[in-house]
Structure formats: C-alpha cells, structure tokens
Amino acid sequence: MTPITISARTLVAVTATVGMAVPVALAAPSPAASSTESTVSKEASAKGHCVRSRQGIPKAGKTYLGAAVNGKHTIGSRERQLGRTIRLHRSYYNANQISGAVRDAKADLKAGRLPWISFKAPYSWSQMAAGKGNRWAKELARGLRKVHGPVWLAVHHEPEKDGDLALWTKMQRQIAPIIHARTNNVAYTVIYSGWNTYGGGRNTVATKWPGNANIDILAIDAYSDYGVRRGGGVGDKHLNIRPYFRKMARWSRHHHTAWAVAEIGQSRPAAKDNPKWLVRAYRTMQRLGGAGMSYFDSNKHSVTDWTLDDPVKFARYRSLMPLSARLCGR
C-alpha cells in the first residue's frame, strides 16, 4: 500500500466517489465555441478544481482533461495553439527509458501538467511475474519518487491481444507493491482496451483485476470508430461510452479505486456527424466521478487521423479546457 496518511484508494472510497497542417486561425474558436467556453469558464470559476492529493487523484466531480500528443506536434506547440495548459499528459516509454521519463515528468509538473506515463516491461509477462523485473521496478520507483510531484504509472497498457492475460495480471501484482512500497507520489494504474472490456455489453474487469490493494486507478482506452475502416468494414455507429463509464464508476465504488480514460479519440467523419460527442463524454465522466480523460492527439501507428488537427474537434476540446482539474500550485 502507498505509505501516505490517507491513501488514494481510501480517499476514493470516502468520496465515492490522437494529417493536415493546422492553420494558425485554429487557435481561435468559432463563435459557437466561444460561447460554450464562456459558459464553462464561469462554471469552472465557481468550482474548486485544484487537486491536493499526493498522488494527484481528484475527488469526484473534479476531472482532468488531458492529451497524448505525438507526431508533428509536441505538447508545448499544441498548448500554444490552444492557449491553455493541458493538465494531464499521457506519454509512452520503453523499459530502458526510465531517466527520460523522469526528466519528462519533472518538466510536465513544472509546466502545470500531471504526467501519466506508460512503460513496456523489460521481460516477458511470465518472467516479470516470477520476479525477474523486480530490479527494474525498483529503479523505476527510485526515479519517480524524485520528481517531487504526482505521477500516474502504467506498465503495458491495452494487454488484451498481446498474450495470456493471467500472466499480465500476475505481472501487475508483482510490480505494483514494489512501486507502492518505495513511493508516496505514484498512482499505479491499469489500462484496458475499452471495447474488449465493456463493448457489446461485456464487463470483463474481474477476470483481469490485480487486486484492490495494488491498483489506484482503473482506466481504459476507447475510440469512436464511426467512419473508420477496420477489418474490411467501415464503422457506422458512434461509440456510446456512457455504459462504459457507469460500469467503471460502479467498480470504483465497490473496489475503492479511482477510474479514468487513458486514450479517447474521434475520427474526422465522426466529429463532422456528431460534433458534440467529446463534450458529452467529458461531462458524463465528470458527473459520474471520473478522475481524468486524455485525448489521443496523434495519427501515429493508427487506423485513422484522431488528431485535433480538425476545426470541430479542436474547438470542442478547447471549450472544455477551463473545466479541467489541475494540480494545486501548478
């Protein structure tokens, strides 16, 4: 367990709680977006969105809006376009990049962002579960505790099609206690594929859950595939993400863990056909007590262009930024 006076898991229990070049003009929202932003800005100023938790986990009703930014943009260049700080920053690392991840986490915190980092494991899941990666995990913990601020951590996100999930789960049970025993600022997260976990009415969390004592945040990656070609067909439905969130919120209450979305994305055709989808998703997460939502602002290694290099998505995302939770003093 994380050695802090009130653990993140206890706190949650108590509170129940990714092209085209972007023209410079994109940095200014449309009149409609301006109106929306004005409204949400007033709401934001009326609420306390500052998070003091040592692990950066907010109380219910405070929800980070973040992004994973890769490709031609950096997190800094995207923020300059948006005119605001992105408060939750998803980034990805190989096992031998601990020093780089620590450096980037420090930079994120200095800029006012909460870092949410994913690592690939240095060995196979079975080897990690047997303890071969313990030294690596200890090195990782030593680095992360020196960033002097909250960090959210995942090891091998979206595991569903990558091997035996029982071994992945055992790996998490092996690593998480090492991180928790050596840090008090790191929230350990598991990130599942949203569709494989909740799509088609499924709910498979219990079959791949490493245990309440090990996990601070339950998270998924979820994309609206409308207009996206996969497996020989083109998606013709917008993702209804509310049922996912309801199931996650219920699990959170019963298992004393926070919940969040590590990657969310909408295609260009989807944004044109359903321009309010992202706003509804974020607001639904807020109402149900989700801790954070990170947009996948990238088109690397993907089936379509999920980026915010689209006037509709850009304006909607920007309109939500005033509502985002933020770390106190940053």
Side-chain angles (χ1 to χ4, degrees), residues 1-4 7-8 51-58 64 66-71 73-79 85-123 127-128 131-158 171-172 174-191 210 214-217 219 258 260 262-263 291-292 294 296-298 300 325-330:
M1 296 285 291
T2 309
I4 58 179
S7 74
V51 179
R52 296 190 182 277
S53 162
R54 187 167 291 180
Q55 293 176 312
I57 299 177
Y64 296 105
V69 185
N70 16 128
H73 297 290
T74 64
I75 187 76
S77 67
R78 184 59 93 191
E79 286 175 335
T85 300
I86 294 172
R87 295 298 183 175
L88 180 64
H89 184 206
R90 282 283 285 130
S91 51
Y92 310 85
Y93 302 90
N94 291 320
N96 63 352
Q97 295 179 307
I98 292 176
S99 61
V102 169
R103 181 187 63 245
D104 293 346
K106 290 179 178 180
D108 277 339
L109 289 165
K110 184 177 180 180
R113 313 179 198 109
L114 171 63
W116 190 355
I117 61 179
S118 283
F119 277 91
K120 290 294 186 181
Y123 306 106
Q127 290 173 311
M128 293 294 291
K132 188 173 182 178
N134 286 4
R135 182 179 296 180
W136 174 83
K138 292 174 183 178
E139 180 187 355
L140 178 58
R142 284 194 299 269
L144 294 179
R145 74 185 180 196
K146 296 177 182 178
V147 304
H148 304 301
V151 181
W152 292 3
L153 169 68
V155 179
H156 199 121
H157 69 284
E158 281 199 273
M171 174 180 70
Q172 305 301 330
Q174 184 72 18
I175 299 172
I178 295 173
I179 301 298
H180 282 145
R182 289 163 176 80
T183 68
N184 59 13
N185 63 316
V186 179
Y188 198 88
T189 74
V190 283
I191 305 172
N214 295 319
I215 306 306
D216 301 295
I217 304 171
E263 294 175 13
S294 176
F296 192 64
D297 187 12
S298 176
K300 294 182 67 177
R326 63 178 178 82
L327 296 172
C328 293
R330 300 183 189 270

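Residues take their numbers from the sequence shown, with the count starting at 1.
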Q. Hey, are the side chains of Val102 and Leu144 touching, using non-hydrogen atoms and a 4.5 Å cut-off?
A. yes
Q) Would you call Leu109 and Pro115 a side-chain contact if the rule is heavy atoms closer than 4.5 Å? A) yes
**Q.** Closest approach of Ile86 to Arg78 (non-hydrogen atoms, all atoms of both residues)
**A.** CD1-CG, 4.2 Å
Q | Spacing of Leu327 atom CG and Arg87 atom CZ [to the nearest 0.5 Å] | A | 8.0 Å
Q: Give a yes or no answer on whether the side chain of Ser53 reaches the backbone of Gln55 with a donor-acceptor pair at less than 3.5 Å.
A: yes
Q: Might you point out which heavy atoms bring Ala121 and Val155 nearest each other, and give the distance in Å?
A: CB-CG1, 4.2 Å
Q: Over 60° means perpendicular and under 30° means parallel, so classify the ring planes of His157 and Tyr92, tilted if in between.
A: tilted
Q: Apply the test side chain to side chain contact (heavy atoms under 4.5 Å, CB included) to residues Arg145 and Val186: give CA-CA distance (whole Å), side-chain angles for both, the deciding distance (0.1 Å), then the verdict.
A: CA-CA 7 Å; Arg145 74 185 180 196; Val186 179; 6.0 Å; no
Q.
Return the CH2 to OH distance between Trp116 and Tyr64, rounded to the nearest 0.5 Å.
A. 11.0 Å
**Q.** Minimal non-hydrogen separation, Gln174 against Met128, with atom names
**A.** CG-O, 3.4 Å
Q) Quick one: CD1 on Ile175 to OH on Tyr188, what's the gap to the nearest 0.5 Å? A) 4.0 Å
Q.
Contact between Arg90 and Ile191 at the side-chain level, heavy atoms closer than 4.5 Å - yes or no?
A. yes
Q: Give, for atom CZ of Arg182 and atom CG of Leu140, the distance between the pair rounded to the nearest 0.5 Å.
A: 11.5 Å
Q: Taking all non-hydrogen atoms of both residues into account, name the closest pair between Ala291 and Pro58 and its distance.
A: O-CG, 3.5 Å
Q.
Could you measure the distance from the CD1 atom of Ile117 to the CH2 atom of Trp152? Nearest 0.5 Å is fine.
A. 13.0 Å
**Q.** Residue pairs fulfilling side chain to side chain donor-acceptor pair (under 3.5 Å) with at least one residue in residues 97-106, sequence neighbours excluded
**A.** Tyr93-Asp104
Q. In Å and rounded to the nearest 0.5 Å, what is the CG to CZ distance from Asn185 to Arg54?
A. 8.5 Å
Q) Between the main-chain N or O of Ile179 and the side-chain N or O of Thr183, is there a donor-acceptor pair closer than 3.5 Å? A) yes
Q. Hey, is the main chain of Pro122 close enough, under 3.5 Å, to the side chain of Trp136 for a donor-acceptor pair?
A. no
Q. What's the shortest heavy-atom distance between Leu114 and Val151, and which atoms?
A. CD1-N, 4.2 Å
Q: Considering non-hydrogen atoms only, spot the tightest contact between Ile57 and Ala187 and give its length.
A: CD1-CB, 4.1 Å
